[in-house]
Amino acid sequence: MPRIRVADLLKSKGSSGPVKVSGWVRTLRAGKDVAFIALSDGSTLAPLQVVAESSLPGFAGICRIATGSAVTITGTLRESPAQGQPVELAADNVEVVGSADESYPLQKKRHTFEYLRTIAHLRPRSNTFGAVFRLRSSLAHAVHRFFEERRFLYVHTPIITASDCEGAGEMFRVTTLDPLVPPVIDGAVDFSSDFFAQPASLTVSGQLEGELFAQAFRDIYTFGPTFRAENSNTTRHASEFWMIEPEMAFADLIDDARLAEEFFRYLCRHVLENCAEDMAFFDSQIEKGLLERVRKVADSPFEMMEYSEAIRYLEKAPVPFQFPVSWGLDLQSEHERYITEQIVQGPVFLTNYPKEIKAFYMRQNDDNRTVAAMDLLVPKVGEIIGGSQREERLDLLTLKMNDSGVDTKALWWYLDSRRWGSTPHAGFGLGFERLIMYLTGMENIRDVIPFPRTPRHAEF
RNA sequence: UCCCUGUUAGCUCAGUCGGUAGAGCGGGUGGCUGUUAACCACCAUGUCCGUGGUUCGAGUCCGCGACAGGGAGCCA
């Protein structure tokens, strides 16, 4: 008999012949004459109800099957006489494939997310984490589909990098040197005898390499793991996370924002249409009103506002802010949320930030005081996408790198991209986990990553 | 890294004025029922985070430490 999934059984009306289904026991309710097993195989949120009559051989043993056990069941699918499920499986045979005992940590009761994090190897069997990781998988496919439909080239940028200064935070060192006795010359570690014959690290961004590919394929994107060694202990930071970074040649800031809007709304629509059952679960169990919030973003056009204008709104704001507001200062998340939630009441691109508060690679505007940056702010979280038009003029870029203390020698190849056939180009970055949090209502990044890495935590 | 709050049964928590620990859930046993957060009865379970101190006596008060969570910063 073919292996069939719970999701497919639940979608069918009934079976003409016997079927075989396998999964893990969520709960078992045993009575004298009949026992009910709620069976789940991760294919869908709802479990399959298996009915075992007392006439089955080994009925007494079936009644003792504990939560968490792996079982294979053959039987006939039929309409369920009781409310709660359209169909159920009348069992002919129940085989325990892998038993579980009463010490199984994931019992049929509510657990806190904090506790479930300590059993990250088991939590995907729970309702919430099943839904989160089904959505995460589906969303990843949707990201690729979006770019493939638009003929963006998917480029695998390196995970190990020797550029010490990508300008995006602390990096994890990659080395094969013996930490107890590193080779030392003149009081400093001699990296010439290290594996790469120079200091190497895990990447903090694929953008710089992405730009190089954009200068050959026009439209490209990266989607891969990213590493930050920052000692950040918050609900939205992880040491290892996934980032999506498209880059377009012959494109300006407006093209960039247009792509970001199309992309973001595409992904909202995707989960509404393709993860409907899980989204309904998030809406009822995780964040009331989630569906309405996501639908609104999927349906309404995004606004655009200059940084300077945002500052004027903030200066006039009738609410107190913890951090000061004035032109030239970076916006705190309280400011971003005020703009998107109170002023615009929807998604908004903030553009043209003061050059001092933005990265060296952003294109200088003609006013000489701002750069062509754009951040997409959305209600509830604030900034979710950050992007810019890149500085394509060699002289200005070199100047900017020197001013920012970026090593122009180490990034010779990056500067070369401006030396021959340079083009106006733009791109943005989106943290995949933050997107998942936005779309599910989950409030801790550690609960949308299968096995999260954060300071002091690399278990599993 | 800074600030705040925690750490008591497998899980979630209560524990009054300092007097040697409780509940719910989960688990076990039995009963009952086409059940579905099942229901009913009974039963069992503790390094009260560690450490030092105050005290006749510390889960409770004080110091130190560890760990966790939340907030901030950094950022995606």
Side-chain angles (χ1 to χ4, degrees), chain A residues 26-40 46-54 63-64 66-68 78-86 88 90 100-119 122 126-127 166-170 203-207 222-245 285 322-323 330-334 336 357-359 375-376 381-387 428-438 443-449 454-457:
Chain A
R26 283 297 184 78
T27 70
L28 184 145
R29 295 176 294 277
K32 190 185 284 178
D33 299 319
V34 66
F36 300 93
I37 296 172
L39 187 75
S40 177
L48 173 70
Q49 169 153 287
V50 176
V51 185
E53 305 281 350
S54 57
C63 291
R64 282 197 299 274
T67 299
R78 66 186 183 200
E79 278 185 42
S80 179
Q83 290 193 336
Q85 59 284 317
E88 63 185 22
D101 66 14
E102 70 283 353
S103 65
Y104 182 58
L106 196 63
Q107 289 299 340
K108 51 168 175 176
K109 56 157 291 182
R110 287 193 189 283
H111 292 292
T112 57
F113 289 151
E114 191 180 330
Y115 170 67
L116 291 170
R117 262 170 238 153
T118 68
I119 52 167
L122 298 171
S126 68
N127 284 338
E166 293 175 353
E170 293 297 309
T203 183
V204 293
S205 165
Q207 181 195 314
T222 72
F223 183 12
T226 307
F227 307 88
R228 302 277 168 92
E230 303 283 354
N231 188 14
S232 297
N233 295 284
T234 80
T235 54
R236 8 173 118 185
H237 291 84
S239 310
E240 177 181 315
F241 62 98
W242 283 58
M243 194 153 59
I244 301 150
E245 296 174 295
Q285 300 297 317
Q322 193 187 337
F323 289 89
D330 206 357
L331 300 181
Q332 302 296 324
S333 71
E334 59 175 349
E336 294 175 340
I357 60 173
K358 287 294 184 183
D375 287 353
L376 176 62
V381 302
E383 180 189 337
I384 194 155
I385 285 178
F428 63 81
L430 169 63
F432 188 51
E433 284 78 10
R434 290 194 179 170
L435 174 68
I436 298 170
M437 291 166 71
Y438 185 78
E443 290 186 337
N444 196 315
I445 196 167
R446 286 165 268 204
D447 296 330
V448 299
I449 298 177
T454 54
R456 295 182 304 281
H457 295 275

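Per chain, numbering begins at 1; letters A, B, ... match sequence-line order. The figures here come from the full heavy-atom set of this structure, side chains too, leaving out hydrogens, waters and symmetry mates. As the structure is a prediction and not an experimental result, all values here were calculated from the model.
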Select one nucleotide: of [options], the one nearest the side-chain heavy atoms of [X].
| X | options | answer |
| --- | --- | --- |
| A/P81 | B/rA38, B/rC75, B/rG34 | B/rG34 |
| A/A82 | B/rU35, B/rA68, B/rG28 | B/rU35 |
| A/E102 | B/rC74, B/rG27, B/rG70 | B/rG27 |

Just by distance, do the side chain of [X] and the backbone of [Y] share a donor-acceptor pair under 3.5 Å?
| X | Y | result |
| --- | --- | --- |
| A/S232 | A/T234 | no |
| A/E245 | A/G429 | no |
| A/S54 | A/D33 | yes |

Determine the Euclidean distance between corresponding [atom1] atoms of [M] and [N]; express it in Å to zero decimal places.
| N | M | atom1 | value |
| --- | --- | --- | --- |
| B/rU5 | B/rC43 | C1' | 37 Å |
| B/rU47 | B/rU8 | C1' | 12 Å |
| B/rG46 | B/rC3 | P | 39 Å |
| B/rG34 | B/rU20 | P | 49 Å |
| B/rC48 | B/rA23 | C1' | 16 Å |

Could you tell me whether the phosphate oxygens of [N], OP1 or OP2, come under 4.0 Å of any side-chain nitrogen or oxygen in [X]?
| X | N | value |
| --- | --- | --- |
| A/N233 | B/rC74 | no |
| A/K108 | B/rC25 | no |
| A/R110 | B/rG26 | no |
| A/R117 | B/rG69 | yes |

Dot-bracket notation for RNA chain B, counting Watson-Crick and G-U pairs under 3.5 Å, with | for partners on another strand:
(((((((..((((.....[..)))).(((((.......))))).....(((((..]....))))))))))))....
Just to be sure I understand the rule, does [X] reach a base, reach only the sugar-phosphate, or reach nothing, if contact means heavy atoms closer than 4.0 Å?
| X | value |
| --- | --- |
| A/T226 | nothing |
| A/A66 | nothing |
| A/F428 | nothing |
| A/Q85 | base |
| A/R26 | nothing |
| A/K32 | base |
| A/I445 | base |
| A/A30 | base |
| A/R64 | nothing |
| A/E443 | nothing |
| A/T235 | sugar-phosphate |
| A/Y115 | sugar-phosphate |
| A/H111 | sugar-phosphate |
| A/A38 | nothing |

Could you check B/rU20 for me: syn (within 90° of 0) or anti?
syn
Starting at [atom1] of [X] and ending at [atom2] of [N], how long is that distance when rounded to a whole Å?
| X | N | atom1 | atom2 | value |
| --- | --- | --- | --- | --- |
| A/K358 | B/rC74 | NZ | C1' | 13 Å |
| A/F36 | B/rU35 | CZ | P | 7 Å |
| A/Q332 | B/rC75 | CD | C1' | 11 Å |

Can you check whether any acceptor in the base of B/rC75 is under 3.5 Å from a donor in the side chain of A/S232, or vice versa?
no
Polar side-chain contact A/Q322-B/rG73 base: donor and acceptor under 3.5 Å
no
Do [X] and [Y] have side-chain N/O donor and acceptor atoms under 3.5 Å apart?
| X | Y | answer |
| --- | --- | --- |
| A/T226 | A/R228 | no |
| A/H457 | A/T454 | no |
| A/S80 | A/Q85 | yes |

